[in-house]
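Please read the structure below before turning to the comments.
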Amino acid sequence: MLDPKLIRSELASVAEQLKKRNFELDVATLERLEQERKACQIETEQLQNERNTRSKSIGKAKAAGEDIQPLLDEVAGLGEKLDAAKTRLHEIQQQIDAIMMGIPNLLHESVPVGRDEDDNVEIRRWGEPKKFGFEVKDHVDLGAKNGWLDFETASKLTGSRYVVMRGQMAKLHRALIQFMLDVHTNEHGYTEVYVPYIVNSDSLRGTGQLPKFEEDLFCVDKEAGHYLIPTAEVPVTNIARGEILEADQVPMKLTSHTPCFRSEAGSYGKDTRGMIRQHQFDKVEMVQLVSADQAWDALEELTAHAETILQKLELPYRTVVLCSGDVGFSAAKTYDLEVWLPGQDTYREISSCSCFTDFQARRMQARWRNPETGKPELLNTVNGSGLAIGRTLVAVLENYQQEDGSVLIPEVLKPYMGGVEKLV
RNA sequence: GGAAGGGUGGCUGAGCGGUUGAAAGCACCAGUCUUGAAAACUGGCGUGGGUUUACGCCCACCGAGGGUUCGAAUCCCUCCUCUUCCGCCA
């Protein structure tokens, strides 16, 4: 959520900035509602003040043993007026809130202006796509061997867009998770957390998935408002919801491995082959809760942490800054890391690192106490995948494939594979 | 799943339906004292919102949401949550 004060005082400028992300802010409606709100709120508070004052005097009179009936007669009708005003104020406020909750974050000035993903800008590239002296296979063909990746069985068990992994492939998948968590905790200063995979709607509102993007989620209990997490970002970031962190806890750097569940509504026909787009996938996530002046450095740092994983795995990738039309709802700036997939002869997203400024924190009321002022201030939130496990597995298979269909194990993963050097 | 008891400011912890945003203690900040520190003493010290150039004034908040009342932290209802005991169980 944006700062309501900013919306009031800089409405035109905010609307102008939002145009960059193809978002039309209904300025006229907001202005009208804001005017009504102001008038109504003043009226309501005046009535409340009157009621409080009179009630107090009734209390005094009663304590003094006076007859309070005349005073009671005076307040007759006040309650009704107050109730009416309150109801109206509440309605107006709800309309404003509904609009406010649907407004995306403001973009950082460095975000390039563009329409869609085609206008994203590559800012750096690491590693050289390997030249294979044979016809490369994609991960689906490679995974067919030994039932390593079994999509047919998964669709029997559940449906499309799920996978069963077997034997060394399942182990490699687990090795990637262990490896990434170890790097982030041992070398990057993150604290590992284990979190629930089901969250309530308050948490989803906090990070911005609700109310706008409910169709992307799996709901497990409509009545309780419980959903499967689409990313660890939701439970991990919401750890700070409603909290005031002490200065020595900031920045708070957390990492977590979780499965992620996405309904992928509206992506029919997209990436239907293989593991690129699944309803369930695993991810190691990094989250940083920082002060406002640390936010942009934190985004660079966290992005570098994700890149480190790719470098250690020796997977070629490029870093892309998303253009204004492609940045997600809650983010102010996003870097995507795209890994080279020989099977597709292209770079594919494997990590997304974003700075949300105070957008999520305001929704969550996640704050820290600034010792300089002694006052609570909104945190800034930064997060990114470090990395998506399924896609990393795909990248390892395709990049490390041999002509005979076997797959070499990247050097850094060997300790996690119990001495196995090659999947055969 | 059954039974009982709790949820109050950064923490601990009082609170009869009425001048209680809320005692007290701790912590914290400032000052006095001291060579310095500690102790002691004095004062300050919640959050959100509205309004104002500003000083300030006003409103809301005692787990959440309803209700009763002129007036609710205090009474009633629903829900959430925590603790303890019993049962069941990976």
Side-chain angles (χ1 to χ4, degrees), chain A residues 1-9 11 30-31 33-97 99-101 194-206 210 220-227 235 238-250 252 289 358-379:
Chain A
M1 196 161 76
L2 298 178
D3 186 351
K5 285 177 184 155
L6 187 73
I7 297 274
R8 275 177 221 147
S9 59
L11 187 55
L30 257 182
E31 267 176 343
L33 284 171
E34 180 52 26
Q35 263 182 6
E36 288 178 28
R37 188 227 96 224
K38 193 163 171 173
C40 190
Q41 181 165 351
I42 289 172
E43 186 197 341
T44 306
E45 290 187 357
Q46 270 172 357
L47 287 168
Q48 283 183 138
N49 179 239
E50 192 179 337
R51 182 205 58 191
N52 291 347
T53 311
R54 290 186 187 255
S55 290
K56 267 181 192 170
S57 62
I58 290 174
K60 279 189 206 168
K62 203 175 175 186
E66 296 167 17
D67 180 15
I68 59 168
Q69 193 52 48
L71 293 169
L72 287 179
D73 294 341
E74 277 180 44
V75 294
L78 194 87
E80 272 179 31
K81 269 164 77 180
L82 179 57
D83 280 345
K86 265 184 175 167
T87 305
R88 211 178 119 235
L89 177 61
H90 188 67
E91 284 167 4
I92 296 168
Q93 197 59 58
Q94 272 193 333
Q95 290 179 52
I96 293 176
D97 287 348
I99 295 176
M100 292 291 288
M101 287 298 270
Y194 172 86
V195 292
Y197 303 155
I198 293 174
V199 292
N200 58 36
S201 51
D202 284 342
S203 293
L204 288 157
R205 256 190 297 277
L210 289 180
V220 290
D221 186 339
K222 190 82 186 167
E223 199 181 344
H226 286 171
Y227 297 82
N238 273 279
I239 286 173
R241 173 155 52 88
E243 302 290 326
I244 301 175
L245 302 184
E246 294 304 327
D248 61 7
Q249 298 177 280
V250 179
M252 185 177 278
L289 306 172
D358 59 12
F359 187 87
Q360 293 181 326
R362 184 170 293 105
R363 289 171 163 239
M364 289 192 294
Q365 278 305 300
R367 295 169 295 173
W368 71 293
R369 194 173 294 280
N370 185 342
E372 283 176 28
T373 59
K375 296 292 177 191
E377 293 178 11
L378 287 173
L379 287 161

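Each chain gets a letter, A, B and so on, in the order its sequence line appears, and its residues count up from 1. Every heavy atom of this structure was used, including side-chain atoms; hydrogens, water molecules and symmetry mates were not.
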Inset, instruction - Assess the side chains of Glu45(A) and Gln41(A): does a donor N or O sit below 3.5 Å from an acceptor N or O? - result: yes
Inset, instruction - Starting at atom CD1 of Ile58(A), determine the distance to atom P of C70(B), rounded to an integer number of angstrom. - result: 9 Å
Legend entry - Under 3.5 Å donor-acceptor, Arg241(A) side chain and Met364(A) backbone: no
Inset, instruction - Report yes if a side-chain nitrogen or oxygen of Arg37(A) is closer than 4.0 Å to either non-bridging phosphate oxygen (OP1 or OP2) of U51(B); otherwise report no. - result: yes
Legend entry - OP1 or OP2 of G48(B) under 4.0 Å from side-chain N/O of Arg367(A): yes
Legend entry - 5'-to-3' dot-bracket of RNA chain B (Watson-Crick, G-U; under 3.5 angstrom; crossing pairs as [ ]; | other strand): ((((((((.[[[..)..(.....]]].(((((.......))))).((((((....)))))).[[[[[..)....]]]]])))))))....
Inset, instruction - Answer yes or no: is there a side-chain heavy-atom contact under 4.5 Å between Gln94(A) and His90(A)? - result: yes
Legend entry - Integer-rounded Å distance: C70(B) P and Leu47(A) CG: 17 Å
Legend entry - Whole angstrom value for the distance that separates C1' of G49(B) from CD1 of Ile96(A): 13 Å
Inset, instruction - Sticking with atom C1', work out how far U20(B) lies from C62(B), rounded to a whole angstrom. - result: 11 Å
Inset, instruction - Please determine, by modelled atom types, if Asp73(A) and Gln69(A) share a side-chain donor-acceptor pair under 3.5 angstrom. - result: yes
Legend entry - Met101(A) side chain near Arg363(A) side chain, heavy-atom distance below 4.5 Å: yes
Inset, instruction - In whole angstrom, give the distance that lies between atom NE2 of His226(A) and atom C1' of U81(B). - result: 12 Å
Legend entry - Between CD on residue Glu50(A) and OG on residue Ser55(A), distance to nearest 0.5 Å: 10.0 Å
Legend entry - Quiz item: Lys56(A) side-chain donor-acceptor pair to G18(B) base, under 3.5 Å: no
Legend entry - Integer-rounded Å distance: G48(B) C1' and Arg369(A) CZ: 14 Å
Inset, instruction - Under 4.0 Å between any heavy atoms, over every strand shown, what does Arg362(A) touch: base, sugar-phosphate, or nothing? Just pick one. - result: nothing
Inset, instruction - Determine the contact category for Lys5(A): base if any of its heavy atoms lies under 4.0 Å from a base atom, sugar-phosphate if only primed atoms, P, OP1 or OP2 are that close, otherwise nothing. - result: sugar-phosphate
Inset, instruction - Could you give the distance separating C88(B) and A3(B) at their C1' atoms, to the nearest angstrom? - result: 16 Å
Inset, instruction - Look at the side chain of Lys60(A) and decide which nucleotide, out of G18(B), U19(B), G50(B), has an atom nearest to it. - result: U19(B)
Legend entry - Contact check, side chains of Ile7(A) and Met100(A), non-hydrogen atoms, under 4.5 Å: yes
Legend entry - Most 5' of Lys62(A) and Arg54(A) on RNA chain B, judged by nearest nucleotide: Lys62(A)
Legend entry - Rounded distance (Å) that lies between atom P of G65(B) and atom NE2 of His90(A): 10 Å
Legend entry - Phe359(A): partners by ring-ring contact (aromatic ring centres under 6.0 Å, His included), with sequence neighbours left out: Phe329(A)
Legend entry - Residue Glu74(A) excluded, over 12 heavy atoms near CD under 6.0 Å: yes
Legend entry - Heavy-atom donor-acceptor pair, Asp358(A) side chain to Ala361(A) backbone, under 3.5 Å: no
Inset, instruction - Pick the C1' atom in U81(B) and in U8(B), then give their distance to the nearest Å. - result: 15 Å
Legend entry - Residue mapping more 5' on RNA chain B - nearest nucleotide basis, Lys38(A) or Val75(A): Lys38(A)
Legend entry - Nearest-angstrom distance from the residue atom CE of Met364(A) to P of G48(B): 16 Å
Using atom names, set out every protein N or O paired with an N or O of nucleotides 57-59 of chain B below 3.5 Å, distance rounded to 0.1 Å.
residue	atom	partner	partner atom	Å
C58(B)	O3'	Asn49(A)	ND2	2.8
C59(B)	OP1	Asn49(A)	ND2	2.6
C59(B)	O3'	Gln48(A)	NE2	3.3
C59(B)	O2'	Gln48(A)	NE2	2.7

Inset, instruction - Determine the interatomic distance between P on G6(B) and the same-named atom on C76(B); round to the nearest Å. - result: 12 Å
Legend entry - Among U51(B), U47(B), G49(B), the one nearest Lys375(A) by side-chain distance: U47(B)
Inset, instruction - Could you measure between the two C1' atoms, the one in C28(B) and the one in C79(B), and give it in whole Å? - result: 37 Å
Inset, instruction - For Pro376(A), report the nucleic acid contact type (base, sugar-phosphate, nothing); a contact means any heavy atom under 4.0 Å. - result: sugar-phosphate
Inset, instruction - In whole angstrom, give the distance that lies between atom CD1 of Ile244(A) and atom C1' of G9(B). - result: 10 Å
Legend entry - Salt-bridge contact Glu34(A)-Arg8(A) (side-chain N to carboxylate O under 4.0 Å): yes
Inset, instruction - Considering only atom P, compute the distance from C75(B) to G7(B) and round it to an integer number of Å. - result: 11 Å
Legend entry - C1' gap between G67(B) and G49(B), integer Å: 25 Å
Inset, instruction - Provide the distance between the two C1' atoms, one in G46(B) and one in A27(B), to the nearest whole Å. - result: 14 Å
